[in-house]
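I have placed the structure first, in the form of structure tokens, so that the comments after it can refer back to it.
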Amino acid sequence: MAEQNSNLMIDPRSGFCKSNSTFYSKRQPVALPSNESLDITTFISSHAHHGKTAFIDATTGHRLSFTEIWRAVDSVTSSLSEMGIRKGHVILLLSPNSIFFPIVCHSVMSLGAIITTINPLNTHREISKQIADSKPVLVFTIPQLVPKLGDSNLPIVLIGHELNTLPNSTIKPRIVTTLEAMMNKEPSQSRVKERVSEDDAATLLYSSGTTGVSKGVLSSHSNLIAMVQATLGRFRLDEGEQTFICTIPMFHIYGLAVFATALLASGSTVVVLSKFDMDKMLVAIDKYSATYLPLVPPILVALVNNADHIKKKYNLSSLRSILSGGAPLGKELIEGFLGKYPTVAILQGYAMTESTGIGASTDSLEESRRYGTAGLLSPNMEAKIVDPDSGEALPVNRTGELRLRGPTIMKGYFGNEEATASTLDSNGWLRTGDLCYIDDDGFIFVVDRLKELIKYKGYQVPPAELEALLLTHPEIDDAAVIPFPDKEVGQYPMAYVVRKTGSDLSDSSVMDFIAKQVAPYKKIRRVAFVASIPKNPSGKLLRKDLIKLATSKL
Ligand SMILES: CC(C)(COP(=O)(O)OP(=O)(O)OC[C@H]1O[C@@H](n2cnc3c(N)ncnc32)[C@H](O)[C@@H]1OP(=O)(O)O)[C@@H](O)C(=O)NCCC(=O)NCCSC(=O)/C=C/c1ccc(O)cc1
């Protein structure tokens, strides 16, 4: 970036340019292909490397080589095309982690169709909402999750299992085939192959952004290509292919970017766990001599708390790096980890779904020791720190909202121009909703959140969704949901509730009412009853006052 802006006065220490109040990345820029008709799948599958095994299923030991992966993608793409799937169609993937997850994603994307994913823990109600918003034409799922699709009547492709393993249900699902059958078909030479351009949408992942309920984030092929280039540069894979453990979900941008996309270009091996299980994760590190473990802070907390027992039981000597993302890491946790596992480096990442998994990172132990930092801006990324009241762009060491601009910033929210316009300005700057400052050396520090978001175990919980549900309770007059801090899970949802006159509704019945309707990670785990919810004169909820009230007794 700096080279292209040779007329700018960029301070080499902080990356800050006084003339336009913009921070430029201090990282070496990464090359981005100039070919406009390039899709992400062609881009990663044509990367040269010496790797052989792409994925290992940690439960069954089933291995897929790179050759098998790309052959399978070719076959499934061809089948999808024969089924009438075309550029721009949305395909839903409802599945826990599996070695087949990336095959589905890349088959869809290489056709120019759009892959949308969802957490399998979500309820039928939540899944139906996302189906109504994203309008998929086909679903890939596992037999056990078919009932969660209810009466959507969408055509279904079953992953990994035979048709006769479907759970009994009164609703007859429209199973059209299995992924296995699609993978076993010879690719057709005559399939319809539309031209996919870099700017076409590739992924549709859901995020609540800075406000409101969950929205579909459209990332393009070029967003993903830029993400791959930045991610590969970070992992320093020049010392040869590495072995990664995949325990965090592939349906969020973190897992999708790292495991289902970027690492496929690197020749590294990914050992896949279908879901998080501490013991299985540690067995997999030991058994496959894993070198990299990407995780979210709650897993790090457990590794530190049980370190003595873990180190006695498992041989973790192969492990070189932990990658932590999705939520901040405190000084105490970093020091605690380094004390217990002195040979393992912690690398941190800061990113959003809206920035296709790229933002800032610490790329060495030394950088991570700058406690509290989210790291340096990722390659090719620009930042502004904007005063939330005046809109003025601020210099180093001043706190304001972080805005990001660069090649990984999303195209926008799917079918939601209003939300797009309030998040992404006409010059391409993305509002992160995080209050940050950037220090003299260019390191970003996240101080607070402007956005209305609860992060439970690294999962987003939008308060607006829970508030809307609370208001449907016949005995609730008004409600507000806030993040309550917790050492183990980060934050959990707490509700302030105004009962209707005469009601003696209990906190447990409020919690049960919500628990029945949402995924477990969204559950309200604390309730307080109040006479009224504090609001400003225009009726906007004063969440910060409630957060202060809730945490004042801690
Ligand atoms: C591994 C975790 C941390 C813990 O797993 P867990 O303890 O098994 O809990 P679960 O989260 O799976 O399940 C939540 C709850 O559901 C329960 N549950 C479980 N399966 C069931 C069941 N089948 N029936 C019913 N109840 C159940 C489970 O018991 C639990 O309940 P509770 O114990 O009360 O909390 C898991 O929460 C997890 O994978 N979190 C990661 C979320 C995540 O990927 N976040 C990233 C978002 S994207 C992002 O921020 C980007 C960042 C990024 C940063 C840097 C980069 O370089 C790139 C990107």
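No experiment lies behind these values; they were computed from the predicted model shown. Atom set for the values below is all heavy atoms of this structure, side chains included, hydrogens, waters and symmetry mates excluded. Whatever order the structure lists ligands and atoms in, that order sets their numbers, starting from 1.
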Ligand 1 contacted by Lys455 (non-hydrogen, < 4.0 Å): yes

Contact bool for atom 28 (C) of ligand 1 (protein heavy atom, d < 4.0 Å): no

Heavy atom of the protein closest to atom 47 (C) of ligand 1 (residue, atom name, distance): Gly458 O, 3.7 Å

Whether Pro249 lies under 4.0 Å from ligand 1, heavy atom: yes

Location of contacts on Met227 toward ligand 1, heavy atoms closer than 4.0 Å: neither

Location of contacts on Arg234 toward ligand 1, heavy atoms closer than 4.0 Å: side chain

Short side-chain to backbone donor-acceptor contact, Asn223 and Ile409, under 3.5 Å: yes

Mode of Leu323 contact toward ligand 1 - side chain, backbone, both, neither (heavy atoms, under 4.0 Å): neither

Within-shell test, Arg525 vs ligand 1, heavy atom, strictly < 4.0 Å: yes

Ser25 and Glu382 side chains, donor-acceptor separation under 3.5 Å: no

Location of contacts on Val489 toward ligand 1, heavy atoms closer than 4.0 Å: neither

Pair Arg405 + Glu354, salt bridge at N-O below 4.0 Å: no

Heavy-atom protein contact below 4.0 Å for atom 57 (O) of ligand 1: yes

Aromatic plane relationship, His252 with Tyr459 - under 30° parallel, 30 to 60° tilted, over 60° perpendicular: tilted

Atom 37 (O) of ligand 1 touched by protein heavy atom at under 4.0 Å: yes

